[in-house]
Chemist: 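Sending over a structure as structure tokens; questions will come in a sec.
Predicted model only: the values in this text are computed from it and were never measured.
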Amino acid sequence: MPETHGTDNGSVGLEVACAIPGEEPQHSVNYITVTTPDALAAGEKAEVRVTLRSKAATPRNLAAREVTAELKLTVEGAGETTVLTVTGLTNPQDIPLGGQVLLESGTATFSPSRAGTYAFTPGDHVVVTSDHPVDCTVTGGSAVAARTEVR
């Protein structure tokens, strides 16, 4: 991974419709934080880090690392659009009944081929508990969460 002189990170609130298979979706907000290097050279690889926090309360106790997630992250810049899959999101601590879900340690690799400013926009995601997957579709509020300058 390249040396950087800082990082760009930002959080956005995504309006989502989240559904367990076979059930009606529940509407809520999930907060996504994306951290990228400030700058890197074209052709270098950089790690993008992501966290996810729910506004909705959990309906039961969840043990540490019981919840995982994958998230789509659209990267646009220099005439390129790529969709990265962020993996590794999990809850590092127990989450009590009624608590907000906080998932950390999500990563994806960004490999730009051209110079320019690249914008990172989080999107749809799947959250998986020991019981079932929960598909979350963005219905509003999606915005650029971070930018990286490629030279």
Side-chain angles (χ1 to χ4, degrees), residues 1 4 6-40 45-112 116-150:
M1 299 292 160
T4 62
T7 57
D8 183 31
N9 67 28
S11 295
V12 295
L14 300 180
E15 296 169 19
V16 291
C18 296
I20 296 168
E23 294 188 13
E24 287 295 314
Q26 302 295 312
H27 295 273
S28 187
V29 175
N30 285 342
Y31 302 98
I32 312 295
T33 300
V34 177
T35 304
T36 62
D38 282 338
L40 70 150
K45 291 183 180 181
E47 181 178 79
V48 177
R49 295 185 314 264
V50 175
T51 62
L52 181 153
R53 180 174 52 87
S54 70
K55 181 177 180 182
T58 181
R60 66 177 183 84
N61 292 321
L62 296 165
R65 292 170 296 288
E66 180 178 345
V67 183
T68 61
E70 285 191 359
L71 177 135
K72 298 298 181 193
L73 186 66
T74 300
V75 183
E76 295 181 288
E80 301 177 334
T81 299
T82 304
V83 178
L84 304 177
T85 300
V86 174
T87 60
L89 283 159
T90 191
N91 59 310
Q93 301 176 19
D94 292 349
I95 303 169
L97 171 81
Q100 289 181 321
V101 174
L102 174 62
L103 304 180
E104 299 177 338
S105 302
T107 61
T109 301
F110 170 57
S111 302
T117 301
Y118 287 77
F120 297 77
T121 305
D124 295 349
H125 44 283
V126 177
V127 178
V128 180
T129 69
S130 60
D131 297 337
H132 47 69
V134 179
D135 293 312
C136 294
T137 302
V138 176
T139 60
S142 185
V144 171
R147 296 183 194 281
T148 294
E149 189 66 33
V150 176

Chemist: So does Gln93 have more than 12 non-hydrogen atoms from other groups sitting under 6.0 Å from CD?
Modeler: no
Chemist: Please report the closest heavy-atom contact between Tyr118 and Gly77, naming both atoms and the distance.
Modeler: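 Nearest heavy atoms, Tyr118 then Gly77: CE2-O, 3.3 Å.
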Chemist: Please report the closest heavy-atom contact between Gly123 and Val138, naming both atoms and the distance.
Modeler: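 Shortest heavy-atom contact: C-CG2, 3.5 Å.
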Chemist: Does some side-chain heavy atom of Leu40 sit less than 4.5 Å from a side-chain heavy atom of Phe110?
Modeler: yes
Chemist: Go through the structure and list residues passing ring pair (Phe, Tyr, Trp, His ring centres under 6.0 Å) with Tyr31, not counting sequence neighbours.
Modeler: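 Ring pair (Phe, Tyr, Trp, His ring centres under 6.0 Å) list for Tyr31, sorted by chain: empty.
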Chemist: Mark yes or no for whether Asn91, through its side chain, and Arg65, through its backbone, hold a donor-acceptor pair below 3.5 Å.
Modeler: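 Judged by distance alone, yes, a pair lies under 3.5 Å.
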Chemist: So, taking the atom named CD in Glu76 and the one named CZ in Arg147, what distance separates them when rounded to the nearest 0.5 Å?
Modeler: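 Rounded to the nearest 0.5 Å, the CD-CZ separation comes out at 10.0 Å.
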Chemist: Are more than 12 heavy atoms from other residues, nucleotides or ligands located less than 6.0 Å from atom CD of Gln26?
Modeler: no
Chemist: Do Val134 and His132 have side chains that approach each other closer than 4.5 Å (heavy atoms only, starting at C-beta)?
Modeler: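 The answer is yes, as the side chains (C-beta and beyond) meet within the 4.5 Å cut-off.
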Chemist: Hey, could you give me the CG/OG1 distance between Leu102 and Thr33, rounded to the nearest 0.5 Å?
Modeler: 9.0 Å
Chemist: How many angstroms lie between atom OG1 of Thr121 and atom CG of Leu73, to the nearest 0.5 angstrom?
Modeler: 7.5 Å
Chemist: Can you find a pair of side-chain heavy atoms, one from Arg60 and one from Asp131, that are under 4.5 Å apart?
Modeler: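 In short, these two side chains touch, coming nearer than 4.5 Å.
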Chemist: With a 4.5 Å limit on heavy-atom distance, are the side chains of Val34 and Val48 in contact?
Modeler: yes
Chemist: In Å and rounded to the nearest 0.5 Å, what is the OG1 to CG distance from Thr58 to Leu97?
Modeler: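 Reported to 0.5 Å precision, the distance equals 7.0 Å.
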Chemist: Write down the atom of Pro25, the atom of Ala17, and the distance for their closest heavy-atom approach.
Modeler: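 Between these two residues, the closest heavy atoms are CB-CB, 3.9 Å.
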Chemist: Would you check if the side chain of Asp124 reaches a backbone N or O of Thr137 as a donor-acceptor pair within less than 3.5 Å?
Modeler: no
Chemist: Between Thr139 and Glu15 (side chain of the first, backbone of the second, donor and acceptor by atom type, cut-off under 3.5 Å), is there such a pair?
Modeler: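 Judged by distance alone, yes, a pair lies under 3.5 Å.
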Chemist: Can you tell me how far the CG atom of Leu52 sits from the CD atom of Gln100, to the nearest 0.5 Å?
Modeler: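 Going from CG on Leu52 over to CD on Gln100, the span is 10.5 Å.
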Chemist: Between the side chains of Ser130 and Glu66, is a donor N or O closer than 3.5 angstrom to an acceptor N or O?
Modeler: yes
Chemist: Working to the nearest 0.5 Å, report the span between CD of Glu47 and OG1 of Thr36.
Modeler: 11.5 Å
Chemist: Counting only N and O atoms by type, is there a donor-acceptor contact under 3.5 Å from the side chain of Thr148 to the main-chain atoms of Pro37?
Modeler: yes
Chemist: Looking only at heavy atoms, what is the nearest atom pair of Pro112 and Val150, with distance?
Modeler: CG-CG2, 3.6 Å
Chemist: Do you know which of Val29, Leu14, Val16 makes side-chain contact (heavy atoms from CB on, under 4.5 Å) with Lys55?
Modeler: Val29
Chemist: Taking side chain as C-beta onward, heavy atoms only, is Phe120 less than 4.5 Å from Val50?
Modeler: no
Chemist: Are Thr81 and Thr74 packed together at the side-chain level, in the sense that at least one heavy-atom pair is separated by less than 4.5 angstrom?
Modeler: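 Answer yes - side chains close enough.
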Chemist: Could you walk me through whether Arg53 and Val101 pass the side-chain contact (heavy atoms from CB on, under 4.5 Å) test, one step at a time?
Modeler: CA-CA 6 Å; Arg53 180 174 52 87; Val101 174; over 6 Å; no
Chemist: Let me see the working for Ser54 and Val127 under side-chain contact (heavy atoms from CB on, under 4.5 Å), right down to the final yes or no.
Modeler: CA-CA 11 Å; Ser54 70; Val127 178; over 6 Å; no
Chemist: So does Pro96 get a backbone contact from the side chain of Asn61, meaning a donor-acceptor N/O pair under 3.5 Å?
Modeler: no
Chemist: Between Pro133 and Val126, what is the shortest heavy-atom contact and its length?
Modeler: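 So the minimum-distance heavy-atom pair works out to CB-CG1, 4.2 Å.
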Chemist: What heavy-atom pair brings Lys45 and Ser111 nearest, and what distance separates the two atoms?
Modeler: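 That closest heavy-atom pairing would be CG-OG, 3.2 Å.
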